[in-house]
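If you read the sequence from its start, that first residue is 1, and numbering goes on from there. Numbering of ligands and ligand atoms starts at 1, following listing order.
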Amino acid sequence: MEYQNLHTELKENILYVTINRPLKLNALNRQTLQELAEVVTYVNATPEVLGVLLTGSGEKAFVAGADISEFSDFNVEQGEQLARDGQNQVFNAIENSSKPFVAAINGFALGGGLELAMACHLRVASENAKLGLPEVTLGLIPGYGGTQRLTQLVGKGRAFEMIATADMITAEKAEKIGLVNYVVPASELIGTAAGLLSKIKQRAPQAIAAAIKATNAAVDTATDGYEVEIKAFADCFGTSDFKEGVSAFLEKRKASFTGS
Ligand code: COA
């Protein structure tokens, strides 16, 4: 796959995706969002990919937000389209992918950058990372799901404080409030994120997809999450991986899953 603003590499069933606009602190312009949407489609359609590690190039930023220069003259209709397309094609698509995405936050994760990290299933941050939703300083609010996902992750009080003050928080604080799963020295960031994916990729892929679906349903107020869990649980019984997992346990050997 050739992209203008992303660098991708498939290693041992993990797709490493690096957003590569370091001079603009990896800000999400239209082209980058389009390429991220293509990555999600590719990942869902490619059995060899068992997980995605998403990071930013350079040492300064994961992603410093949506590209402000692209929407500076937008009207109400264009603003709505921007948010709707972004949510549907990228942010919700990542969250609803059948493969796990892990964000390796290597610096600033601001605005759309933090929203991108929150759309991922797990987040690891380097000690120097700074996280925030500064949209109100621009006369906006987060539009790529940030008001919803931050509230789900850290609770309404903390989410509102971050959104309304526009303050950045440290990686340490982010870990304390449950916004990131781990904080590690910068030199260990990619290794830690890859380690999580290496563990997950040994599990039954269809069970992982079912776990993503069911945990997403838990925070979808329009859906009965318990019902989604029942169906997803039941579907697992129809997979070869279920038979292999149970046989391996009974035969006291390591399971070898095929994703079928
Ligand atoms: N959109 C477009 N360009 C951006 C950007 C964004 N969200 N964030 C950074 N850039 C660009 C800057 O314009 C600058 O480009 P230039 O060199 O061509 O002028 C370059 O990236 C470097 O950023 P700079 O501001 O010079 O770095 P800094 O170290 O002084 O500050 C930040 C770093 C992250 C604090 C600052 O860039 C910033 O506040 N960015 C915007 C964050 C934001 O509001 N995001 C939400 C968007 S909805």
Problem set entry | Side chains of Glu35 and Gln31, donor plus acceptor under 3.5 Å |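 On atom types as modelled, these side chains qualify, holding a pair under 3.5 Å.
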
Exercise. Any luck finding a side-chain donor-acceptor pair between Asp241 and Thr239 under 3.5 Å?
Worked result: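 No, Thr239 and Asp241 have no side-chain donor paired with an acceptor closer than 3.5 Å.
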
N/O contact list for ligand 1, threshold under 3.5 Å:
residue, atom, partner, partner atom, Å
ligand 1, 1 (N), Ala66, O, 3.4
ligand 1, 1 (N), Ile68, N, 3.0
ligand 1, 7 (N), Ala64, O, 3.1
ligand 1, 7 (N), Ala66, O, 2.9
ligand 1, 15 (O), Lys24, NZ, 3.4
ligand 1, 18 (O), Lys24, NZ, 2.5
ligand 1, 21 (O), Leu23, O, 3.4
ligand 1, 29 (O), Lys60, NZ, 2.5
ligand 1, 45 (N), Ala64, O, 3.0

For this session: Count the heavy atoms belonging to other residues, nucleotides or ligands that lie under 6.0 Å from CZ of Phe74, then report whether that count exceeds 12.
Result: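 Yes, enclosed.
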
Problem set entry | From Leu53, Leu197, Ile200, Val180, residue fulfilling side-chain contact (heavy atoms from CB on, under 4.5 Å) relative to Leu122 |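 It is Ile200, the one option of Leu53, Leu197, Ile200, Val180 that forms the side-chain contact (heavy atoms from CB on, under 4.5 Å) with Leu122.
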
Exercise. If you draw the axis of the six-membered ring of Phe108, does the NZ or CZ of Lys60 fall within 45° of it and under 6.0 Å from the ring centre?
Worked result: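 That pair does not qualify as a cation-pi contact.
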
Exercise. Where does the angle between the aromatic ring planes of Phe237 and Phe242 fall among parallel (under 30°), tilted (30 to 60°) and perpendicular (over 60°)?
Worked result: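 Taking Phe242 first and then Phe237, their aromatic rings sit tilted (interplane angle of 30° to 60°).
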
